[in-house]
Protein chains: 2
Amino acid sequence: MTIRLLLADDQALVRGALSALLALEPDLEVVAEVGAGDLVLEAVREHRPDVALLDVEMPGLDGIAAAALVRAEFPDVRVLIVTTFGRPGYLRRALQAGASGFVVKDTPAAELADAVRRVHAGLRVVDPALATDSLIAGESPLTGRETEVLQAAQDGSSVAAMAAKLFLSEGTVRNHLSSAIGKTGATNRAEAVLIADGNGWL
Amino acid sequence: MTIRLLLADDQALVRGALSALLALEPDLEVVAEVGAGDLVLEAVREHRPDVALLDVEMPGLDGIAAAALVRAEFPDVRVLIVTTFGRPGYLRRALQAGASGFVVKDTPAAELADAVRRVHAGLRVVDPALATDSLIAGESPLTGRETEVLQAAQDGSSVAAMAAKLFLSEGTVRNHLSSAIGKTGATNRAEAVLIADGNGWL
DNA sequence: TCCCTGCCATGACATTTGTCAGATGCAAGG
DNA sequence: CCTTGCATCTGACAAATGTCATGGCAGGGA
């Protein structure tokens, strides 16, 4: 009885390489590969995998959002998140979205197949170092608006541009920014963006 | 006669997966894997691969710098750069460093082996879309100092912090920043950093 | 109901940032 | 030798940014 896998990663080369890696295991079978989060649910419907390996960073729907959709429609499909960045907030959100495991891409290749098997067996797989980081960093202290404003600031927009985009007054944008700067312990907007993003809060 | 390969990528999972993918080809053999740029030259000395696959983004020495070292000591070792980001400046610098090929990670997995064979045969392998981008973006218009200042600005430092780090007066830092902002077509520091980085100028 | 929190806004203020003009020194190239 | 480009600095100015106090409004507990 082989474990049926779905692979989602926007980088075709990595996707294909992971597929090759997992195909080496006799008890694993890759039944579907997709390159965008939007396609995950559809592929799950069609191929009914046992485990879905989802990258977080994907165009369109990200892996965490895709995980939530999958779990909502197919509670028996296990989700293993595989990501480049071990952002604490990613782990928290992934687990809240119903993921059973969370693996960063610099874990040894040999451990991936094991992680898949454990997840399939109903166990949780979480990098212990990351788990402690997640506890330390905690949940995002930012309010909804503060988060939105920082996201808008990511591309180097001016206050005026952000105000226009979010339909807010410039003063309000600056208030939210100031508040976010305070909460992140930063001294300016750019630093606040880096800190928040590094924690997976954006 | 198999082609001997060296793999360098800081993400162990990706490294292992690529290794599995390439091992499927009967004429290819992965003889060494390293996870940092500093280890590339040493591994080449020991294993004498025919082709080295190097990621650009690596801790310590980046893939392009490693390529230059390898080519200087072993001119008969071909270098194929494999990277996540198709930054125009990366391609230019990679070719200047003596790389024979440049592949982004969202090319189909099936093409990688072909790219390796072509590089080994003495041909150049370059993503055509990326090549035109590189021509459009052109060489970095930034002077040495401008580049340094933008790099220092990447972490959200204030002018005062950058001045201290670079042993310059605050006025000078602001002048270089202003100049860089003008050259990148940005309207502020943060945007200039994004544009310059996106072009591979930092 | 009252209180608290989040959200929105305004106005005022100090600081930081971006721009500009002007000046010097240095090195490379014609 | 002269020009050009780069790097450095100063001083001054306008614009953008960050902070603070204050107020209004809505929703969710206690």
Side-chain angles (χ1 to χ4, degrees), chain A residues 89 92-93 96 137-202, chain B residues 89 92-93 96 137-202:
Chain A
R92 175 179 304 275
R93 282 190 285 153
Q96 279 171 352
E139 209 154 349
S140 172
L142 304 174
T143 67
R145 278 304 193 182
E146 286 160 4
T147 306
E148 278 184 79
V149 172
L150 278 191
Q151 284 168 342
Q154 275 183 301
D155 63 356
S157 298
S158 65
V159 170
M162 290 188 268
K165 187 192 292 186
L166 300 172
F167 303 104
L168 294 174
S169 83
E170 299 193 13
T172 302
V173 170
R174 294 200 298 195
N175 284 340
H176 287 308
L177 276 175
S178 181
S179 171
I181 290 166
K183 287 180 180 176
T184 53
T187 61
N188 60 52
R189 185 186 312 192
E191 211 181 331
V193 167
L194 289 178
I195 292 170
D197 194 34
N199 283 323
W201 294 340
L202 302 186
Chain B
R92 176 180 305 275
R93 282 190 285 153
Q96 280 171 351
E139 210 154 346
S140 172
L142 303 174
T143 68
R145 277 304 197 189
E146 287 159 3
T147 307
E148 279 183 78
V149 172
L150 278 191
Q151 284 169 341
Q154 276 182 302
D155 63 358
S157 299
S158 67
V159 170
M162 291 188 266
K165 187 192 291 185
L166 299 172
F167 303 105
L168 293 175
S169 83
E170 299 194 12
T172 302
V173 169
R174 294 201 303 203
N175 284 340
H176 286 310
L177 275 175
S178 181
S179 172
I181 290 166
K183 286 180 180 176
T184 53
T187 62
N188 60 53
R189 185 187 311 194
E191 210 181 331
V193 167
L194 290 179
I195 293 170
D197 195 34
N199 282 321
W201 293 339
L202 301 187

>> What does the 5'-to-3' dot-bracket notation of DNA chain D look like when only Watson-Crick and G-U wobble pairs under 3.5 Å count, and pairs to other strands show as |?
In response: ||||||||||||||||||||||||||||||

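- Counting any heavy atom pair closer than 4.0 Å across all strands shown, A:R174 reaches a base atom.
- Residues of residues 178-198 of chain B that place a heavy atom closer than 4.0 Å to DNA chain D do not occur.
- A straight line from CD of B:E148 to C1' of D:dC6 spans 13 Å, rounded to a whole angstrom.
- You won't find any donor-acceptor pair under 3.5 Å spanning the side chain of A:N175 and the base of C:dC8, going by distance alone.
- Distance CG (B:L166) to C1' (D:dC9): 15 Å, rounded to an integer number of Å.
- Closest approach of A:T187 and A:I181 over heavy atoms only: C-CG2, 4.0 Å.
- Here B:R145 contributes atom CZ and B:T172 contributes atom OG1; the two are 9.0 Å apart, rounded to the nearest 0.5 Å.
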> Where do A:E170 and A:V173 land on the side-chain contact (heavy atoms from CB on, under 4.5 Å) test, with the steps shown first?
Replying inline: CA-CA 5 Å; A:E170 299 193 13; A:V173 170; 5.6 Å; no

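- One can place CD of B:E146 at 14 Å from P of C:dG18, the figure rounded to the nearest angstrom.
- For A:L177 and C:dT16, the CG to P distance is 17 Å, given to the nearest whole Å.
- Shortest non-hydrogen contact noted between A:Q154 and B:L194 is O-CD1, 3.4 Å.
- When all heavy atoms of B:G156 and A:A190 are compared, the closest pair comes out as CA-CB, 3.8 Å.
- Contact annotation for A:T172: base contact, defined as any heavy-atom pair under 4.0 Å involving a base atom.
- Here B:S169 reaches the OP1 or OP2 of D:dC9: one of its side-chain N or O atoms lies under 4.0 Å away.
- Shortest non-hydrogen contact noted between B:A186 and B:A192 is CB-N, 3.4 Å.
- We find the CD-CZ distance between B:E139 and B:R93 to be 11.0 Å, quoted to the nearest 0.5 Å.
- Across every non-hydrogen atom of A:T147 and A:W201, the tightest pair is CG2-O, 3.5 Å.
- Taking both residues in full, the closest heavy atoms of A:T143 and A:E146 are given as N-OE1, 2.8 Å, listed atom of the first, atom of the second, then distance.
- Atom-to-atom, NE2 of A:H176 to P of D:dT17 comes out at 16 Å; the value is rounded to the nearest Å.
- Protein atom CD of A:E170 is 11 Å distant from nucleotide atom C1' of D:dT17, rounded to whole Å.
- At whole-Å resolution of the value, CZ in B:R145 and C1' in C:dC26 are 14 Å apart.
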